[in-house]
Protein chains: 2
Amino acid sequence: MAGANRVPAERRRRRPTRGGVLLSADLIIDTAVRLSHEHGPEGLSVRRLGAALSCDPSAVYRYFHSTDDLHLAIADRLIGEAMRGFTPDDDWTAALRGMALRIRAVLLAHPRLAVLAASRVTRRENEFRAVETGIAILLRAGFGAAGAVRAYHLFIDTVLGHAALEAAALALPDARREADERAWTDAYQSCPDDTHPALAAVRHELHRMGGSAFEAALDVLLTGLRQVHASG
Amino acid sequence: MAGANRVPAERRRRRPTRGGVLLSADLIIDTAVRLSHEHGPEGLSVRRLGAALSCDPSAVYRYFHSTDDLHLAIADRLIGEAMRGFTPDDDWTAALRGMALRIRAVLLAHPRLAVLAASRVTRRENEFRAVETGIAILLRAGFGAAGAVRAYHLFIDTVLGHAALEAAALALPDARREADERAWTDAYQSCPDDTHPALAAVRHELHRMGGSAFEAALDVLLTGLRQVHASG
DNA sequence: GCCCTTATGTCAACAGGGTTGACCTACCTG
DNA sequence: CAGGTAGGTCAACCCTGTTGACATAAGGGC
C-alpha cells in the first residue's frame, strides 16, 4: 500500500509536454502496452516511454511511483481487456474454460507484459471484477465458500502459470525461442537409445513438446475438478 | 544452437585470476547459484559474479557466450539438483507427484533463477535425464507413445508454471511481496457487497488466495490424468 | 485580468546493468 | 627453450531505473 495513492488519479493542471502531448495515467498505460509489443523484447522502459510520449522519462514518475506501480496498472488493464464483455456459460466448466482462454489470449498478445503481470496481485478494479466473476461461477455450480475459493485459486494459478510460461517463451529473442523449440526435433532426437530408452520409444512424438499444452492441461484440470465436485 | 559449443567444456591452459582463483564453468555456475540467493532480488549479475570470483566480469564470457547461455547452464544444474537420487514410486501418479514436489522445492529454493529457468529448454544432460524419467513413468503406466508425451507435456508445464509463479512472487522485493499477499485480507475485504456479491459470500475464505495452490492443483490434475488414463 | 501557489514537465546526474574489442601475459606444446 | 594462443584484464559503449533541483505555465482567488 505504502503511498499507493499519493499520486492523484485526477489532474487539475494539465500541462502539455514539450512535444505537445497531454499526459495522463491512461495515456501512459496505452503507450506502454503499445511499446511492449511494437519493439522487441525489453521494448518497454521508462526512457523509451518518455521518447514515445515525447516527454522526459522522469515525467512518468509524476503518474506512477515506480515501474512496479506502472506494471500493476498495466496488469490490471490487461485483466480488464481479457474480461471485457465476458458472459459465463451456464455450464460451470465451460464458463471456466472460456475465462481461461480469454486470459491466455490476452497474455499471449502481450508476452512481455504477461511475465510481469501473471504473478502479481494488482488489487485494482478489473482484478476485483475478474475474481468476483470466477468465484461466482463456482458458487453457482454448487461449491461451498471454502471449496469455491480453493477451486478458483488452483484454477487461476494453473491458467496464469501456463500462460506465463508460454508468454515467457514468446518474449524471448527470436533466435533463443527458435533454438528452444528446435530442441525437441533436434537435440532430443540425438539422445543415445541405450541411456535414454523412454525417449527412444517416443522419439517420433517428441515434437509435441514444442507446442502448447495449455488446452490439454486445462481440460485435464477441469476433468479433475468435475470429479472433485461430484464426489463431495 | 548457433555456436552453442564454441566454448570448449574442458580447458587445457588453466590460468588463475588476479585473485588466485582458477575459473571453470562449474565454479562459475556454483558461484552464480550462491549469489542468487545470498543477495536479494537482482542479486545475480555478470559484474557481481566477477567480484565474487575476484576476476574481471568479462572473464565469464570466456566460459559462456552470454548471460542467456549461463542461465541455461544454471537451469540445467537446478534440474540435476532436483532429480538427484530420485527413484519413482511404483504407482505412477505417486511417482509424478514426487517428481513435481522435487522440482518445485528446488525452484522455490532459488526463486530468482526459477523465473529464468522454468520457461526454457536447456537441451543439456540433466534435462535429458529428467524428461527420460518422466516419460518412462508414463510408458510404464501404460500410456502409449503419443499419450505419454502429451501427458508429460501438460504435467511438466503445469508444474513449471505453478512453480514459476510462486517463485516470481518470492523473488519480489519484500515490500511488494507482502503488499501482494496482504491484498486478500485487506483490499479484497473492502469490496462493496452490492457490486461484488460473490466476494462477499466467501469473504472469510479469501485469505486462502494468499497461500500456495500448488499441491491442490497438482492433485486435481493427477485426478484428471487418472481419469483420462482409465477411460482411454 | 492579474498574481501567487504549486503542479508538473525538464534536466543532469548517479549507480548499476550486459557486452565488446584491444591488449598482454603466462601457460602448454613441440 | 621458443612460439602461438588461451584466457584474464581493462576501458569503453550504451542501456536501465531513479532522484533532486529547477523552471514554467496553469488555474483559483481576488
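Everything numeric here is computed off the predicted structure, so don't read it as measured data. Reminder, nothing fancy here: chain letters follow the sequence lines and each chain counts from 1. Side chains included, hydrogens not; waters and symmetry mates left out as well; all remaining heavy atoms used.
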**OP:** Give me the one residue out of A/Leu70, A/Leu27, A/Ile28, A/Asp26 that meets side chain to side chain contact (heavy atoms under 4.5 Å, CB included) with A/Tyr63.
**Re:** A/Ile28

Original post:
Rounded to the Å, how far apart are B/Leu23 CG and C/dA26 P?
Top reply: 16 Å

Subject >> Whole angstrom value for the distance that separates P of D/dG8 from CG of B/Leu27 >> reply: 11 Å

**OP:** Using only side-chain N and O atoms of A/Arg48, determine if any of them is under 4.0 Å from OP1 or OP2 of D/dT16.
**Re:** yes

Original post:
Would you say the side chain of A/Arg62 and the base of C/dG9 hold a donor-acceptor pair, judged only by whether the two atoms sit under 3.5 Å apart?
Top reply: yes

Subject >> Between B/Asp68 and B/Ser66: side-chain donor-acceptor atoms closer than 3.5 Å >> reply: no

**OP:** Decide salt bridge (Lys or Arg N to Asp or Glu O under 4.0 Å) for A/Glu215 and A/Arg97; before the verdict, give the C-alpha distance in whole Å, the side-chain angles of both, and the deciding distance to 0.1 Å.
**Re:** CA-CA 9 Å; A/Glu215 291 200 50; A/Arg97 200 170 195 283; 3.0 Å; yes

Subject >> hbond_proxy A/Arg18 side chain to C/dT10 base (donor-acceptor, 3.5 Å cutoff) >> reply: no

**OP:** Please name the pair of heavy atoms, one in A/Ala75 and one in A/Thr122, separated by the smallest distance, quoted to 0.1 Å.
**Re:** CB-CG2, 3.5 Å

Original post:
A/Asp56 or A/Arg47: which one's nearest nucleotide on DNA chain C is closer to the 5' end?
Top reply: A/Asp56

Original post:
Could you give the distance from CG (A/Leu172) to CD (A/Glu181), rounded to the nearest 0.5 Å?
Top reply: 9.5 Å

Original post:
What is the bend of the helix from C/dG1-D/dC30 to C/dG30-D/dC1 when you compare the axis at one end with the axis at the other, using five pairs each and rounding to 10°?
Top reply: 10°

**OP:** May I ask you to check whether over 12 heavy atoms, not counting those of A/Arg18, lie within 6.0 Å of atom CZ?
**Re:** no

Original post:
Nearest-Å distance, CD1 (A/Ile28) to P (C/dT8)?
Top reply: 11 Å

**OP:** State, to 0.1 Å, how close B/Asp69 and B/Phe64 come at their nearest heavy-atom pair, and which atoms those are.
**Re:** OD2-CA, 3.5 Å

Subject >> Nucleotide nearest A/Ala59 (side chain, heavy atoms from C-beta), chosen from D/dA26, C/dG18, C/dT10 >> reply: C/dT10

Original post:
To the nearest Å, how far apart are B/Tyr61 OH and D/dT9 P?
Top reply: 15 Å

**OP:** For B/Arg15 and D/dG4, give me the distance from atom CZ to atom P, rounded to whole Å.
**Re:** 18 Å

**OP:** Round to the nearest Å and state the distance from A/Leu116 atom CG to D/dG17 atom P.
**Re:** 11 Å

Original post:
Does a distance-only test, which skips hydrogens and angles, find a donor-acceptor pair under 3.5 Å between the side chain of A/Ser45 and the base of D/dC15?
Top reply: no

Original post:
Roughly how many Å is it from OH in A/Tyr63 to C1' in C/dT10, rounded to a whole number?
Top reply: 13 Å

Original post:
Do the side-chain N or O atoms of A/Thr67 get closer than 4.0 angstrom to the phosphate oxygens (OP1, OP2) of D/dT18?
Top reply: yes

Original post:
For the pair made of NE2 in B/His71 and P in C/dG17, what is the distance, rounded to whole Å?
Top reply: 12 Å

**OP:** Among C/dT20, D/dT18, C/dC11, find the nucleotide with the atom closest to the side chain of B/Ser58.
**Re:** C/dT20

